[in-house]
Amino acid sequence: MPTDCTHYEPARIEPHWQRYWSEHRTFVAGPPDDRPKYYGLDMFPYPSGAGLHIGHPEGYTASDILCRYRKSRGDHVLHPMGWDAFGLPAEQYAVKTGTHPARTTAANIETFRRQIQQFGFAIDWTREINTTDPGYYRWTQWIFLKLFRRGLVYVDRKPVWWCPELRAVLANEEVVDGRSEVGGHPVERRALRQVVLRITAYADRLLAGLEDLDWPDSTKRQQRAWIGRSEGTEILFPVDNKRRPVLRVYTTRPDTLFGATYMVLAPEHPLVAEITTAEHREAIEDYRRQAAAKSDLDRTDLAREKSGVFTGAHAINPINGARLPIWVADYVLASYGTGAIMAVPAHDERDYEFAETFQLPIQRVIDPERKGSNGHSPELPYTGEGFLVHSGDFSGLSSEDARREITLRLEEQEEGRPAVNYRLRDWVFSRQRYWGEPVPLVWVGREDYERAAADRTSPVGRVLPGEAVTAELDGELRYALPVPPEELPLTLPEVESFQPSGDGESPLANEEEWLHVHFHLRTGETRPASAAAPGGDWVPARRETNTMPQWAGSCWYHLRYLDPHNEERIVDPERERYWQAPDLYIGGSEHAVLHLLYARFWHQVLYDEGVVSTPEPYRRLFHQGIILGEDGEKMSKSRGNVVNPETVIADHGADALRLFEMFLGPLEDSKPWNPQGIEGISRFLKKVWRTLLGPDGQPAERLVADGAAEDEAATRALHATIAKVTADIENLRFNTAISQMMIFVNTAARAEAIRRGTALRFLQLLAPFAPHLAEELWERLGEAPSVSEAVWPEPDPDWLGSDRVTYAVQVNGKLRGELEVADSTGREEVLAAARGLEKVAANLEGKTLRKEVFVPGKIVNFVVG
RNA sequence: GCCCAGGUGGCGGAAUGGUAGACGCGGCGGACUCAAAAUCCGCUCUCCUUACGGGGGUGAGGGUUCGAGUCCCUCCCUGGGCACCA
């Protein structure tokens, strides 16, 4: 039954059809069947307290249009939604008010779900997931154990923001201008124990996997740059003192080796203390302290003058025995390469600047031209390629040959080898927070570890990696044992306070009952340490207190949608083989690197585990742009330019909002909101109603039976619209699809007679964009719901072209007339007719015709001189 | 500094190397109305011209082409990203 309104009332029509879809399970995906599948995925939202933003539905509407379209094409469509609900805001609110983050999160999810449901998306709500649900995060922990088992987890000290005043670790976004966002206290970098994932082990595959993805080029480029693979040479420089430790450096320019005039170590380099001579010790220690206290911003500011201190030590250049002073400077990063460089000031801008500052020698070894040609040597530093000079036997070689030859020589001398380096660093996977997935590890002593490791068939032993994961806790070396899959989920304990522990651990470290346990070395069961010691395989253990970052839950959610209620497995293999990975993934480009790289990493690991059948999670990716405020600025409370989707829906309806967001401009562009623009869309939808229905809400008089005559313009417009809307949907060009539908409606509104079939086919085209109105009119025109079940229309090629074409006639590229002729008219006839046009003839008068350009169906151009 | 995207009417934007400005907003004029709203019709890049016509025009300058918003080079501007990666 349609509603009984006589005119377009979205406030009544939209809830009506949303109820219909829900009751009839119209968009619930079924079990695997013979139909081709189509899996459309949106980046799921973080349910913030602010409620839905006008930007959220932009991507959701786009994927909804695709999904509804594919359904009409006969595909079995999966379009799910869920919540990325761990995260900082709920935690910060908990610290401030004591409200449990689970309560805040549940309330926010209610709001988000209600708001999203107002849009009438074709979402299968039976598959809703929530990353904070233990039934979900047990599988996040399960994947962590897979990584652990594969040796992709280790524990190391990594620098993080530490605020001594708050006695807490801060996230980057909590640090503003070197001070804590809360309270404005000073912060410093401090190395704390962190759980780290060895994503670098997958660097080459993450790079290679990009090749075949249908992703925006810019996103692929960003990922490539982030991984930052480079090929070079690792060179050993012995230190010139009695103990002769050896400096390992990495360079992409071994061809400049003869130009090395000094060495630099990062302040954090482990050999600094060992090589520094007594008289320089104090200065070096000072410098290291300063560097440690500096923010990344200070250290990486390019405009800053180079700083550094001499260690008093020298190294020997293995290629020519030159004695090079070793400096410590913070322009060398501990985290890249080997944390040490050979400095070639003549051919590197940074080294040049440093050498100038500290009066160090500069030796040219590359000329852009081969020696003997009369080109002048360019100003230094010269960072390009060229031919070697002042380079012993290697002088005269090209940079490329020299790189190979010098590396070969070093290999023979066992003082170097080819090496590949990545800019990508391992992934710090721990947070000193409450509101995240607990890391399923416990820490035990060495003997207990060895007992557990001796039995590789037990639940614990099966998940142990070949090499022990160790860490120093309270000054003692401890060994990690997994909380095995059988014992998952490892849930968050209730806590007294959400404040961090104060010594760099999460609030979980304060929960003595939870923290200290008896752990069964084989089964992985745990009991509170306060209980009587059971003995035997039960050993004392301390739980890992770190929780996982927000990325964890979003790394694999696309997989859980396939089988969200399965308590036995992460996903049923048959379902996984059917649905595989999303066919389309829509979300913001702000996730171009981190989320999309981490998710690919996990997916590749799951592929290696045989859990998923595809090597890549997101085959086709699209970034929607940002909707800016009316003033062209980013929407924000402080600017007062925020548009609330609920208000817009109340005023104009969800269909109007959906359509308008798609009509604003290309999906991928940033574009400003225009409050008057939505009026235009509202008018369009009302016009659709008035064109097809009379004042009584019954089919309009202009609607005629399918056999009856119809205005040719309407027929032509229909087929043009079918063709254009279909092509535009597939290419996610919704703004032009909507323009075309407007053209159709403008034509139809003027037509005397429209066949019912024409109207119905138009409604099918409209349905993915404005589904409520389309359903309402579909049924009012006598069809049974739902329009989404109807097979997508095909254009009739006979009506696509016209049998008349219009030629633009130019003389010397300037438009001088138009010529309408039959489609079939040949070149000579068209040219003759064109020459006969009055204005053309006038412009050809008295000129020499040099050339006649004829493009069939398009244009004629006479070139005269 | 480097990388990426983009500069088209008053505004959002459209245009496989082939009539620049579709569609929408806004504006102007008209119809309907006692009036208004809604709706419908027409006009709406700019300059010259009463008109007919004609000139110019897609950030600037050059180039390729019969023909350039579209391709190439240089430059300017805006937005986004990355930041000493050896």
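Chain naming here is simple, since letters A, B, ... match the order of the sequence lines and numbering starts at 1 in each. All values derive from a computational prediction rather than experimental measurement.
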* On RNA chain B, check which nucleotide each of V863(A) and S218(A) is closest to and give me the residue with the more 5' one. => S218(A)
* Asked: When the nearest nucleotide of RNA chain B is assigned to S739(A) and to R423(A) on a heavy-atom basis, which residue is associated with the more 5' position?
  -> S739(A)
Tell me which nucleotide among [options] gets nearest to the side chain of [X].
X	options	value
T251(A)	C23(B), A86(B), C84(B)	A86(B)
R750(A)	C84(B), U16(B), C41(B)	C41(B)
K839(A)	C25(B), G54(B), G13(B)	G54(B)
T736(A)	G12(B), G81(B), A14(B)	A14(B)
Q810(A)	C84(B), U19(B), C25(B)	U19(B)
R690(A)	C85(B), U39(B), G18(B)	U39(B)
K814(A)	G56(B), C25(B), C85(B)	G56(B)

* To do: Could you give the distance separating G62(B) and G69(B) at their P atoms, to the nearest angstrom?
  => 15 Å
Just checking [X]: base, sugar-phosphate only, or nothing, at a heavy-atom cut-off of under 4.0 Å?
X	answer
N861(A)	base
K686(A)	nothing
R224(A)	nothing
D351(A)	nothing
R850(A)	nothing
I743(A)	sugar-phosphate
E679(A)	nothing
G337(A)	nothing
L815(A)	base
R229(A)	nothing

* Quick one: side-chain contact (heavy atoms from CB on, under 4.5 Å) partners of A842(A), sequence neighbours excluded? -> none
* Output the distance between atom CG (L667(A)) and atom NE2 (H623(A)), rounded to the nearest 0.5 Å. => 11.0 Å
* To do: Report the C-alpha distance between S682(A) and Y8(A) in whole Å, list the side-chain angles of each, state the deciding distance to 0.1 Å, and finish with yes or no for side-chain hydrogen bond (donor to acceptor under 3.5 Å, both in side chains).
  => CA-CA 10 Å; S682(A) 249; Y8(A) 179 49; over 6 Å; no
Between [X] and [Y], does at least one N-O distance fall below 4.0 Å, as a salt bridge requires?
X	Y	value
K671(A)	E661(A)	no
E385(A)	R403(A)	yes
E679(A)	K686(A)	no

* Structure fact -> Pairing partner of U78(B), by Watson-Crick or G-U wobble and under 3.5 Å for both distances, is A5(B)
* Structure fact -> The Watson-Crick or G-U wobble partner of A86(B), with both key distances under 3.5 Å, is none
* Asked: Between C25(B) and R683(A), is there an OP1 or OP2 to side-chain N/O distance shorter than 4.0 Å?
  -> yes
